[in-house]
Amino acid sequence: MSHELPKTYDPSAIEQRWAEYWVAEKIFSVKTPEPGSEASQKVFTLLLPPPNVTGRLHMGHMLNQTEMDIIIRWRRMRGFLTLWLPGTDHAGIATQMMVERQLATEGLSRQKMGREAFIERVWEWKRQYGSAIQAQMKRLGASVDWEREYFTMDEDLSHAVTEVFVRLYEEGLIYRGKYIVNWCPRCMTAISDLEVVHEEVASRLYQVRYPVSGMPGEFVTIATTRPETMLGDVAVAVNPTDKRYTALHGKMLLLPLLDREIPLITDDQADPAFGTGAVKVTPAHDANDFQIGLRHNLPQLNVMDDAGRINENGGPYAGLDRYAAREKILRDLEELGLFVGTKDHVNAIGKCDRCKTVVEPRLSTQWFIKIQPLADRAIEAVEKSEIVFTPENYSKTYFEWMRNIHDWCISRQLWWGHRIPAWHCRNCREIIVVRTTPASCPKCGGQNLEQDQDVLDTWFSSGLLPFTSLGWPQKTPDLDVFYPTSLLITGFDILFFWVARMIMLGCHFMADHPQGSVPFKEVYIHALVRDAERQKMSKTKGNVIDPIEITEKYGTDAVRFTLASMASPGTDIAFNPDRTDGYRAFANKIWNAARFVFMNLDRVGGVSLTQGAPAEEMGRLENRWILSRFHHVSAEVSQSLTNYRFDEAASTIYRFFWGELCDWYLEIIKPRLSGPEAEARSALAFLGDIFEGSLRLLSPFMPFITEEIWHAVYEGNPPQKSIALAPYPELDSRRVSNEAEEQMTVLQELIVSIRNIRAEMKVEPKLRTPVRIEAAQQIQHLILENQGMIERLANVESIEFVTFFAFDTPEAGFGQGLWLSPGGRSTTKFTVEIVYEQKIDVAAERERLSKELKKLETEHANGERQLGNEQFLSKAPAQVVDGLRKRKAEVELLIKKIRAALDGLG
RNA sequence: GGGCGGUUAGCUCAGCUGGUUAGAGCGCCUGCCUUACAAGCAGGAGGUCCACGGUUCGAGCCCGUGACCGCCCACCA
């Protein structure tokens with residue numbers, strides 16, 4: 001017998017062991033089946049959103065992974081061939097920043113080291129620190145296939161990136177050009193629109209006078225929020241319809257400070273209602289101005305370097321940081337008497353998502369993806385439900401973004417990442433985009449070729465993962481079997497960054513795939529994890545909860561269960577450790593239930609917990625009931641998980657295991673377990689069946705504790721290597737008995753009523769009392785058949801059937817039977833009182849009854865009104881009308897009973 | 001400037017296509033160390049479903065207006 005479990009539940013003592021076991025035994029490794037084989041038909045594929053290689057697990061990850069793990073374990077147990085594919089992302093900017101910081105502490109910089117040495121250094125860093133998050137995932141028991149783990153900079157994945165780039169280029173969907181991009185002067189790279197976060201700030205609108213050339217004393221006053229960019233002004237624009245400036249059309253203005261002549265032009269972009277109606281035009285530093293510049297064929301004058309300092313075009317301001325230049329320019333303008341003043345102005349400034357530096361719109365040569373063709377197909381895929389979002393309103397957000405999409409700037413001036421497969425001919429300036437390093441320029445034959453310095457946006461490569469992680473561009477069995485993936489679970493924060501890009505790129509590159517081009521068929525979007533006060537967790541606020549820490553305190557199972565319980569769709573999760581405390585108690589409950597079962601088993605002996613339920617046990621109501629409940633619950637849990645209602649599933653299981661199995665069933669059968677051995681064996685065999693099934697039911701939610709107990713159930717010799725490989729409980733409608741559930745409900749109500757009376761009358765807890773019950777024949781039968789249960793659970797000494805009210809007899813009226821003693825309880829099925837001499841607090845009892853009566857009378861009046869309403873009777877469904885009639889009769893009965901009881905109080 | 005979500009018990013949230021008595025967990029109160037579990041058992045209190053108006057036989061749910069929270073998107077200097 002090795003059913004022994006330690007007396008106290010100590011998650012830390014079991015979790016580490018199983019976490020290691022799952023990995024060591026490769027429990028979750030998947031062999032690719034033959035494409036077209038039977039095994040390949042029932043496949044469930046899930047791609048783990050790859051955490052950054054620099055990452056440390058946070059609660060968001062844990063929520064994400066808990067949800068994925070629940071789904072994948074559930075699918076696996078239901079017989080799907082499940083592949084959960086893990087990997088990490090090289091995270092260009094983040095990783096480069098981290099290593100650069102490290103270098104700085106050594107007095108080094110990447111510039112000093114040179115590109116090659118720096119990249120080697122990053123790899124070194126990755127080898128040393130880059131698997132922290134995987135270790136954490138292993139500890140939390142994520143059931144991924146570790147044998148298939150990838151890294152986005154792996155050789156094959158890098159080849160795939162090159163392949164994609166070249167193909168898109170050849171299709172004309174990638175172009176290179178000089179445009180205004182978002183530039184981060186600290187990261188010294190271009191970033192995409194998405195990587196700019198807008199923040200509303202109270203700032204100022206500065207008004208500056210530009211003298212009109214050749215007309216002394218004449219000025220045009222412009223308004224700007226970024227005065228330093230005036231160094232790059234090449235024109236001033238006014239609206240052609242703006243009469244204030246008609247006289248000046250075609251004149252030249254003198255740009256203050258630099259004394260350059262610039263034209264006054266007319267353009268619709270200038271809004272007469274804003275500021276002074278005159279806007280300075282700086283094509284190299286503003287997206288709108290860039291467009292105006294194109295329309296009017298204006299020069300593009302760049303006045304800033306890549307670090308946000310004024311460059312040589314800025315004359316006397318060269319070398320100054322943009323903000324220092326702003327101050328100086330304003331002072332100088334004031335001295336010249338050209339500064340008119342400022343107005344308060346709220347505008348949204350863009351900051352670098354990564355480092356929060358204010359982004360500078362800057363003219364620069366970059367690579368772009370022409371996105372519209374990709375977006376059109378991506379919109380169609382969702383419109384046609386090839387991809388389904390849950391919650392569905394996210395598809396609205398998705399459409400909104402997709403329909404207003406801009407070309408995607410994919411080049412980054414970084415060193416860490418996939419280098420762009422383009423070579424520049426030093427000789428003829430030809431750009432060669434090819435898969436492998438070219439030997440010479442195909443145009444001029446020159447040998448002096450240099451690879452483009454830029455690397456690709458990290459999201460470019462991660463956008464390809466649904467197919468590249470399965471071996472694309474090779475034609476692999478993995479692609480045949482596992483693409484499209486079944487589901488994506490992720491947070492809304494990367495809906496555009498990642499989800500949208502995967503859809504666009506997947507649909508494009510997998511267009512010919514026999515099972516469909518979309519990268520996933522479903523997307524489940526979850527909310528953010530916040531702290532108990534609903535604050536966003538952040539390092540600066542110091543309210544970050546470390547999943548590993550909290551896990552060590554409460555156990556992984558409890559934390560998982562907390563997250564699952566709180567994962568209601570569309571709401572952020574306010575993570576409160578108090579809840580986790582409660583779910584640790586639940587785990588403890590499970591643990592002790594197991595100990596209870598094992599204790600009885602070891603005492604009685606001669607019975608295996610998994611021998612199956614003896615048929616004769618089905619003669620007992622409690623067994624028919626719990627089995628029926630088990631099957632109902634199994635169906636409900638699977639239904640909830642189908643809808644990604646983790647919260648529903650969790651509470652269904654919680655209520656079943658604790659509220660029904662432990663609180664009622666175990667209590668009901670206790671006497672049998674300690675009774676004669678044959679009886680105990682039979683009862684145990686039945687219990688074992690239910691108990692083992694309940695472990696499997698729970699397993700996706702609480703994998704550790706169920707694994708531990710499950711192995712103990714089988715005394716170390718289980719039918720599978722892990723409970724995770726055992727079948728999930730499925731609804732068997734032959735096991736469902738609504739009759740048993742209804743009967744049990746009556747008994748439960750009776751027992752609760754008696755306990756209730758006892759508590760109210762302050763009967764000494766250990767004293768058994770006789771009870772008197774009035775009930776219909778059928779109910780009397782039920783009660784007699786289950787007398788032992790009632791006596792034991794309600795501390796009843798004996799049961800006597802009596803007549804209190806005799807309402808059954810027409811004309812009978814009151815007084816035909818006994819008076820119901822104060823404190824007695826009535827339901828529609830029975831009336832019960834206890835035989836006990838102590839007086840009850842009559843006033844309190846009258847109050848309770850009056851309150852009850854009032855509620856019922858209100859309900860009765862409502863029912864009466866409705867049933868007297870022709871419209872209701874003719875329009876409402878028969879079922880509703882019947883229900884109301886039946887209820888009205890019940891309410892009438894209850895009202896009579898309560899009135900009688902009130903009368904009886906005197 | 002657009003768009004989206006929310007407001008239900010002290011707290012965190014459910015409430016399925018409108019249908020009989022609005023639920024759960026935690027917390028709170030009372031009583032119990034009942035031979036698995038005091039991380040437990042038993043019992044209990046607690047809600048004008050944000051406001052106003054409308055549709056309907058019937059509204060927490062649908063429509064309108066407003067208030068208050070929160071989020072996303074946006075090139076107006």
Side-chain angles (χ1 to χ4, degrees), chain A residues 5 7-9 180 193 198 205 222-226 229 237 269-271 274-276 278-282 286-291 345 347-348 350 361 391 393-394 396-397 400-401 404 406 492-493 495-496 528 532 534 565-566 568 570-574 576 578-579 581-600 643 645 647-648 650-651 654-655 662-663 666-667 670 674 752 755-760 762 764-766 793 795 855-856 858-859 862-863 865-866 869-877 879-888 890-891:
Chain A
L5 291 178
K7 191 163 161 46
T8 45
Y9 165 62
I180 294 283
D193 293 350
H198 293 276
L205 197 56
I222 59 92
T224 179
T225 52
R226 294 187 298 151
T229 62
Q269 178 70 41
D271 176 2
F274 188 91
T276 61
V279 58
K280 62 198 244 354
V281 181
T282 323
D286 183 279
N288 285 320
D289 294 5
F290 178 77
Q291 294 300 332
H345 179 67
N347 71 334
N393 60 298
Y394 278 107
K396 254 187 237 166
T397 313
E400 187 68 25
W401 186 75
N404 297 295
H406 298 295
F492 64 84
D493 48 329
L495 181 60
F496 307 136
L528 234 57
R534 316 211 116 266
S565 304
M566 303 198 65
S568 21
T571 341
D572 284 347
I573 293 178
N576 190 339
D578 289 351
R579 290 288 293 265
D581 209 30
Y583 292 120
R584 185 184 52 173
F586 180 45
N588 189 53
K589 189 78 187 176
I590 297 161
W591 186 263
N592 279 296
R595 286 183 52 232
F596 174 74
V597 174
F598 294 156
M599 181 190 84
N600 282 285
N643 301 328
R645 289 301 303 265
D647 57 328
E648 256 178 32
S651 81
Y654 182 97
R655 283 206 295 266
C662 290
D663 286 350
L666 288 183
E667 293 304 325
K670 266 181 184 174
S674 51
V752 168
R755 285 170 175 171
N756 190 311
I757 302 168
R758 289 173 56 93
E760 199 162 287
K762 300 196 183 355
E764 298 105 89
K766 281 178 183 156
L793 296 187
N795 254 335
K855 209 171 131 191
L856 286 165
T858 308
E859 193 189 339
N862 287 341
R865 185 163 41 77
Q866 283 222 292
N869 186 327
E870 288 290 323
Q871 302 255 39
F872 172 71
L873 294 176
S874 58
K875 285 185 184 171
Q879 193 192 337
V880 173
V881 178
D882 286 352
L884 198 60
R885 283 214 175 95
K886 203 174 144 207
R887 177 63 192 166
K888 196 184 146 216
E890 286 176 358
V891 169

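All chains are named by letter (A, B, ...) in the order of the sequence lines, taking the proteins before the strands, and each is independently numbered beginning at 1.
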Seminar exercise, completed: For RNA chain B, the dot-bracket notation using Watson-Crick and G-U wobble pairs below 3.5 Å, [ ] for pseudoknot-type crossings and | for other-strand pairs, is (((((((..((((.....[...)))).(((((.......))))).....(((((..]....))))))))))))....
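- Between A:Lys589 and B:C41 there is a side-chain N or O to OP1 or OP2 distance below 4.0 Å.
- Closest to the A:Phe596 side chain, of the nucleotides B:A24, B:A36, B:U21, is B:A36.
- Among the nucleotides B:G25, B:C41, B:G15, the one closest to any side-chain atom of A:Arg645 is B:G15.
- Distances from the side chain of A:Arg887 to the nucleotides B:C4, B:A36, B:U21 place B:U21 closest.
- Phosphate proximity of B:A36 to A:Lys670: present, with a side-chain N or O under 4.0 Å from OP1 or OP2.
- Using a 4.0 Å heavy-atom criterion, one finds that A:Phe290 contacts no nucleic acid atom at all.
- Phosphate proximity of B:U12 to A:Tyr583: absent, as no side-chain N or O sits under 4.0 Å from OP1 or OP2.
- By the 6.0 Å and 45° rule, A:Lys589 does not stack over the aromatic ring of A:Tyr654.
- The side chain of A:Arg755 lies closest to B:A42 when the candidates are B:A42, B:U20, B:A36.
- For the pair A:Asn643 and B:C16, the criterion of a side-chain N or O lying under 4.0 Å from OP1 or OP2 is not met.
- With sequence neighbours excluded, the residues that form a side chain to side chain contact (heavy atoms under 4.5 Å, CB included) with A:Glu648 are A:Ser640, A:Arg645.
- OP1 and OP2 of B:G25 both lie 4.0 Å or more from every side-chain N or O belonging to A:Arg579.
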For this session: Determine, step by step, whether A:Arg584 and A:Asn588 satisfy the side-chain contact (heavy atoms from CB on, under 4.5 Å) criterion, reporting the C-alpha distance in whole Å, the side-chain angles of both residues, the deciding distance to 0.1 Å, and the verdict.
Result: CA-CA 6 Å; A:Arg584 185 184 52 173; A:Asn588 189 53; 5.6 Å; no
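- In this structure, the nucleotide among B:G5, B:U12, B:U21 sitting nearest to the side chain of A:Glu890 is B:U21.
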For this session: Treat primed atoms plus P, OP1 and OP2 as sugar-phosphate and everything else as base, then score nucleotides 68-77 of chain B 5' to 3': B for base contact with protein heavy atoms under 4.0 Å, S for sugar-phosphate contact only, - for none.
Result: -----SBBBB
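- Here B:U21 is the nucleotide among B:A36, B:U12, B:U21 with the atom lying nearest to any side-chain atom of A:Glu859.
- A straight line from CG of A:Asn576 to P of B:U12 spans 9 Å, rounded to a whole angstrom.
- No N or O donor and acceptor, one from the side chain of A:Lys396 and one from the base of B:C4, sit under 3.5 Å apart.
- Counting only heavy atoms from C-beta on, A:Asn588 has its side chain closest to B:A39 among B:C57, B:G5, B:A39.
- Formation of a donor-acceptor pair under 3.5 Å by the A:Asp286 side chain with backbone atoms of A:Pro361 is not found in this model.
- The nucleotide whose nearest atom lies closest to any side-chain atom of A:Arg655 is, among B:G25, B:A36, B:A24, B:A24.
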